[in-house]
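Written out below as structure tokens is the structure these notes cover.
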Amino acid sequence: MIQVEEETADILEKSLSGERLTKEEAYELMLSDSLFSIGQAADILREKRCGADVSYVVNRNINFTNICQGSCKFCAYKVGRGSKSGFLMSPDTIQRLCKEAVESGATEICIQGGLHPEIDIDYYADILEAAKSKCEVHIHAFSPMEVFYMAEKSGLGAKETLALLKEKGLDSMPGTAAEIFDQEVREIICPEKISADEWIDIVKTAHRLGVPTTATMLYGHIERPEHRVNHLEILRNIQDETEGFTEFVPLSFIHYNTHLKSLYPNLHGASGLDDLRTYAISRLFLDNFRNIQASWVKLGKKLAQVALSYGANDLGGTIMDESISRAAGQKVDVLDEAEMRSLIAGAEKRPLKRNTLYQHLD
Ligand code: SF4
């Protein structure tokens, strides 16, 4: 007989009956010993929403520069301006990569990069135009941090910057750079990054302009359970207001080569169980998000498969290239569409090809 703590059982029952959980209840679940039951409840809610379908997108990631003037301590990707390994792609290179990807079946190009001191809004506009000029493809590009950076440099406001990017071909944005919204934690892990309020403002502005975004949370570093819950509540509130998020992607911190790891040698990232708990609670708490994405890049393929029974209903993209998690020490394999489908089928779910906006393509 499986034992479930009484308080956990009450919260799960409430969630399964369709009632919205409070922050306090989500916090209780974070501390509960009944992970298996939390996962079961999340799986039931996932199934109610999505049936047996687990979606994925055929896409390509393009990280156009690794030169960055930022100083995020969890980031092993960036290099300084004078570094021998530094690079900046030309719009022509990006155009070629997009064309290649589309020819091999990609429907989405995801473009993000470092905050290169020598690029300005014209460069970002040029790469959008280049990406769109030779092929029809959905451009999912630029974190709120990058939008803030180009707005600052150009002297335009966030709204004008986003409107310009949209005009040049931006279709949607990754909701990266959210990290964890608690300001004290941000001051340690990414002191120069936009504040939580700035992130929220840019994302809401994008949604109002008709540019949907994803939502993310970086966890498994120095944050505490209450920070995760507060973060989820902020996302849920934004979604209530704008309905502009396409999905939530919990991002498990990869610690190996990071400065944060040297500052906190005992940091080992979230455990597999903690990953599953975070996925399951996200499904239970974010009642206004249809899609919770298991990042196979962060979790590894096998744990990502398990996450599909802990609330996740999407396995993300085939991505073709990945450099950010790899730089942080994660062993990132290649994943083609056939393997993506096989991973989903192996998790006893039905693979479903989608586009960025979750329209089915199968
Ligand atoms: S996370 Fe982004 S902004 Fe921060 S240092 Fe890395 S590349 Fe730069």
Side-chain angles (χ1 to χ4, degrees), residues 61-89 94 110-121 123-124 127 140-154 158 161 165 173-203 206 213-223 231 249-264 267 269 295 297-298 319 321-330 332:
N61 263 13
I62 299 178
N63 299 125
F64 58 84
T65 181
N66 60 350
I67 297 172
C68 182
Q69 60 185 42
S71 60
C72 308
K73 295 189 178 70
F74 53 79
C75 175
Y77 174 68
K78 79 139 215 175
V79 299
R81 205 176 184 172
S83 165
K84 277 191 188 144
S85 60
F87 69 88
L88 172 66
M89 290 182 187
I94 291 169
C110 176
I111 307 176
Q112 296 184 90
L115 310 173
H116 193 300
E118 278 149 33
I119 60 177
D120 57 21
I121 196 158
Y123 171 83
Y124 291 97
I127 61 177
H140 180 66
F142 311 138
S143 70
M145 179 71 238
E146 290 174 276
V147 171
F148 183 87
Y149 179 67
M150 56 185 104
E152 284 265 287
K153 283 191 93 168
S154 65
T161 301
L165 295 174
M173 284 168 58
T176 42
E179 319 312 356
I180 198 87
F181 287 139
D182 183 82
Q183 203 50 40
E184 275 179 32
V185 176
R186 288 180 93 76
E187 268 158 34
I188 298 170
I189 67 171
C190 52
E192 293 177 315
K193 207 155 214 166
I194 48 173
S195 66
D197 286 345
E198 286 162 338
W199 188 95
I200 294 164
D201 180 54
I202 288 174
V203 160
T213 74
T214 63
T216 65
M217 171 175 76
L218 183 73
Y219 68 93
H221 43 90
I222 60 166
E223 90 291 354
H231 190 102
V249 196
L251 297 171
S252 195
F253 171 55
I254 310 290
H255 60 284
Y256 303 105
N257 301 331
T258 64
H259 185 38
L260 203 56
K261 171 71 179 169
S262 58
L263 293 175
Y264 298 86
L267 212 54
S295 167
V297 174
K298 302 288 185 195
I319 72 173
D321 307 293
E322 207 290 330
S323 17
I324 293 171
S325 296
R326 191 172 279 141
Q330 179 77 326
V332 182

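Heavy-atom basis, side chains included; hydrogens, waters and symmetry copies ignored. Model, not experiment: these values are computed from the prediction. Heads up: numbering here begins at 1 and tracks the sequence. Atoms within each ligand, like the ligands themselves, are counted from 1 in listed order.
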Nearest atoms (heavy-atom pairs only) where Arg81 meets Glu118: NH2-OE2, 2.6 Å

Does the ring centre of Phe74 sit less than 6.0 Å away from the ring centre of Phe253? no

In Å and rounded to the nearest 0.5 Å, what is the OG1 to CG distance from Thr258 to Leu263? 8.5 Å

Quick one: list whatever passes side-chain hydrogen bond (donor to acceptor under 3.5 Å, both in side chains) with Glu179, sequence neighbours left out. Lys193

Quick one: look at Lys193 and ligand 1, take heavy-atom pairs under 4.0 Å, and tell me if it's side chain, backbone, both or neither. side chain

Provide the closest heavy-atom pair for Ser295 versus Pro250 in the form atom of the first, atom of the second, distance. CB-O, 4.4 Å

Using 30° and 60° as the class limits, which term best fits the ring planes of Phe64 and Tyr123: parallel, tilted or perpendicular? tilted

Atoms of type N, O or S from the protein that sit nearer than 2.8 Å to atom 6 (Fe) of ligand 1 number exactly 1

